[in-house]
Amino acid sequence: MSGSAARPRAASYERIYAVVKRIPPGRVATYGQIAALAGRAGQPRQVGYALHALPEGRPIPWHRVINAKGTISQRGERWVEKVQRALLEREGVAFDAKGRIDLRRHRWRASG
DNA sequence: GCAATGACGCTCT
DNA sequence: CAGAGCGCCATTG
């Protein structure tokens, strides 16, 4: 049916949330990777924007999403960054002395 | 409808 | 390896 017309404001968000939800524990994905899997390759900012608007109450492992540098992006509140790191470490993700994650080892492969 | 903002990525230095 | 600049599109005011 023509339900496609009434696409909610956060229609694109659902696409991103679906991809982030697919990230397995102990694995991390970059915004660019999420964007590509969500069909928004080249627009990693929308991924961050979507997660920023991510309403609590939704089981989305947002903490498994980091930037291409392997570091945790800083938001308005720095404490969140510490929480994200704690969640990742709890899943087995290792951080180096510089607080960076080894993407070569923890990067999630959507293919399998 | 226009202007500004934003959890980024890539390239160059 | 680290830092800075530019580009991208969607959402918000």
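Naming convention: chains lettered A, B, ... in sequence-line order (proteins, then strands); numbering from 1 in each chain. Atoms considered below: every heavy atom in the structure, side chains included; atoms not considered: hydrogens, waters and symmetry mates.
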How long is the line joining [atom1] of [X] and [atom2] of [N], in whole Å?
| X | N | atom1 | atom2 | value |
| --- | --- | --- | --- | --- |
| Gln43(A) | dC9(C) | CD | P | 5 Å |
| Lys98(A) | dG3(C) | NZ | C1' | 13 Å |
| Leu54(A) | dG6(B) | CG | C1' | 16 Å |
| Gln33(A) | dG9(B) | CD | P | 11 Å |
| Arg40(A) | dG9(B) | CZ | P | 17 Å |
| Tyr17(A) | dT11(C) | OH | P | 11 Å |
| Leu103(A) | dG9(B) | CG | P | 10 Å |

query: Per the side chain to side chain contact (heavy atoms under 4.5 Å, CB included) rule, which among Glu81(A), Arg100(A), Lys98(A) passes with Thr71(A)?
result: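 That would be Arg100(A).
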- request: Would you confirm whether Tyr49(A), through its side chain, and Tyr13(A), through its main-chain N or O, come within 3.5 Å as a donor-acceptor pair?
  value: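 No, Tyr49(A) side chain to Tyr13(A) backbone: no donor-acceptor pair under 3.5 Å.
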message: Given 3.5 Å as the limit, does a donor-acceptor pair link the side chain of Gln33(A) with the main chain of Arg109(A), or not?
response: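 Here the side-chain-to-backbone pair does not exist.
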task: Could you say whether Tyr49(A) or Pro44(A) is positioned toward the 5' end of DNA chain C, judged by the nucleotide with the nearest heavy atom to each?
output: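 By nearest-heavy-atom nucleotide position, the 5'-most residue is Pro44(A).
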- prompt: Which of these nucleotides, dC1(C), dT11(C), dG6(B), is closest to any side-chain atom of Gln46(A)?
  reply: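 Ranking dC1(C), dT11(C), dG6(B) by closest atom to the Gln46(A) side chain puts dG6(B) first.
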message: By nearest atom, which of the nucleotides dG9(B), dC8(C), dT11(C) is closest to the Thr30(A) side chain?
response: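 For the Thr30(A) side chain, the nearest candidate turns out to be dG9(B).
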message: Using every non-hydrogen atom in the two residues, find where Arg85(A) and Asp96(A) come nearest and quote the distance to one decimal.
response: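 Closest pair (atom of Arg85(A), atom of Asp96(A), distance): NH2-O, 4.4 Å.
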Tabulate protein N/O versus nucleotide N/O from nucleotides 10-12 of chain B, keeping only pairs under 3.5 Å, one per line.
none

message: Using a heavy-atom cut-off of 4.0 Å across all strands, would you classify Glu81(A) as base, sugar-phosphate, or nothing?
response: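 Nothing, no nucleic acid heavy atom in range.
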message: Tell me whether the side-chain N/O atoms of Arg100(A) come closer than 4.0 Å to OP1 or OP2 in dA2(C).
response: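 The answer is yes; a side-chain N or O of Arg100(A) sits under 4.0 Å from OP1 or OP2.
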